[in-house]
Amino acid sequence: MQRVFSGIQPTGIPHLGNYLGAIRNWVTLQKDHDCLFCLVDMHSLTMLWSPEALREQTLASTACLLASGIDPTRLYNQSAVSAHARLGWIFNCVSRLGWLNRMTQFKDKAGKNRENHSAGLYVYPNLMAADILAFHATRVPVGDDQRQHLELANDIAQKFNHDMGVEFFPQIEPLIPPHAARVMSLRDGSKKMSKSDPSAQSRIILNDTADDIAQKIRKARTDAEPLPSEEAGLEGRPEARNLLTIYAAMSDRTLADVLGQFAGQGFGTFKQALADLLVETLAPVADETRRLMGDRAHLMQVLRQGAERARAVSEPIVSEAEKLVGFLR
Ligand code: TYM
């Protein structure tokens, strides 16, 4: 059975992009793969953070992932398993500055004020490679925005093997969904849906109320044309394409099929149908999240047990890597 690893930042309740790009696929994969899913709380320190908020958001993320159908025995938080930090350091010394300089996500996040960002933000992709390789995972289900990081992880694995003269770390295969791998902002079809967007109107959060969802979809940016009958008619219409892609992904239908249904109609009818579909799918997740949030002891217990299992899998692998680089034990 192939091992699957993936991670998500514990920013509280995930958004629809996280759900369609990652979480939903994790739930499917765990049926026939050996899976580990990680709340990457060490990542959370790369930008300014509040300890209290980090604790609360980690618990909220745990509740929402469980409510979305993630198997509780496979979920844990990164900082509780020392393999991540230990292999992360080794990879800091394997990875090259030239490789990190090419990472587009650092450039996007650091923006113009590069000098003032943490060193952690810069080397974070090395830690992400360690997250995966500490488990010898070979398949990594992610959204499209993580593609470059996974290429870097493969470069690091290859260089480690080459430098140490071993075949120790496997190559990783990204599992990027064919549809909705990059869900866009509801306010601007050229930006991806993200928690860092200042406008809450730009994203659907998995515990939004039915009224929130209806209002956000009603206000979502569109254009004045009716919906086309074919995909070619979405050329130059990123907002229309985004909403239709969300509809198709949420209903497990093809874009062509959805276009066939709504061709020639205005956005009014379509938006109502999309809001109804989102509410129908997400309301049970929101209800279960709320219920689970009331039982903090249970959430803590899930994370502790998940970390124990993650430790058992990663410890021999990272110990061997430490031996290979020459650390005495
Ligand atoms: P993060 O927390 O930004 O996102 C978690 C997952 O959600 C996907 N995603 C999206 N998919 C489609 N449309 C969007 N708008 C969208 N926004 C986010 C992401 O692609 C991701 O799969 N660095 C990672 C976390 C990480 C990780 C790992 C992932 C740490 N270590 C090891 C895989 C393997 C991150 O910040 O994801």
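Whatever order the structure lists them in is the order used to number ligands and atoms, beginning at 1.
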- Audit row: His117, Met47, side-chain contact (heavy atoms from CB on, under 4.5 Å) steps and yes/no: CA-CA 8 Å; His117 277 275; Met47 306 286 271; 4.1 Å; yes
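Polar contact check, Val183 against ligand 1: a nitrogen or oxygen pair lies under 3.5 Å apart. Considering backbone and side-chain atoms alike, Phe5 places every N or O at 3.5 Å or more from each N or O of ligand 1. At least one N or O atom of Gly17, backbone or side chain, sits closer than 3.5 Å to an N or O atom of ligand 1. Residue contacts with ligand 1: Lys192 is placed with no nitrogen or oxygen under 3.5 Å of a nitrogen or oxygen of the ligand (distance criterion only). Residue contacts with ligand 1: Asp144 is placed with no nitrogen or oxygen under 3.5 Å of a nitrogen or oxygen of the ligand (distance criterion only).
Of all the heavy atoms of Leu20, none lies under 4.0 Å from any atom of ligand 1, so neither backbone nor side chain is involved.
Contacts of Phe327 classified as ring-ring contact (aromatic ring centres under 6.0 Å, His included), with partners at least two apart in sequence or in another chain: none.
Scanning the protein for heavy atoms near atom 18 (C) of ligand 1, the closest one is Asn18 ND2, 3.2 Å.
Sorted by first and then second residue, the salt bridge (Lys or Arg N to Asp or Glu O under 4.0 Å) pairs involving residues 36-46 (not counting sequence neighbours) form an empty list.
Ring planes of Phe169 and His136: perpendicular class, angle over 60° (limits at 30 and 60°). Taking the six-membered ring where tryptophan is involved, the planes of Phe106 and Tyr122 are perpendicular, since the angle between them exceeds 60° and thus also 30°.
Taking a cutoff of 4.0 Å between a charged side-chain nitrogen and a carboxylate oxygen, Arg86 and Glu322 qualify as a salt bridge.
Using 4.0 Å as the threshold, His15 has a heavy atom nearer than that to some atom of ligand 1.
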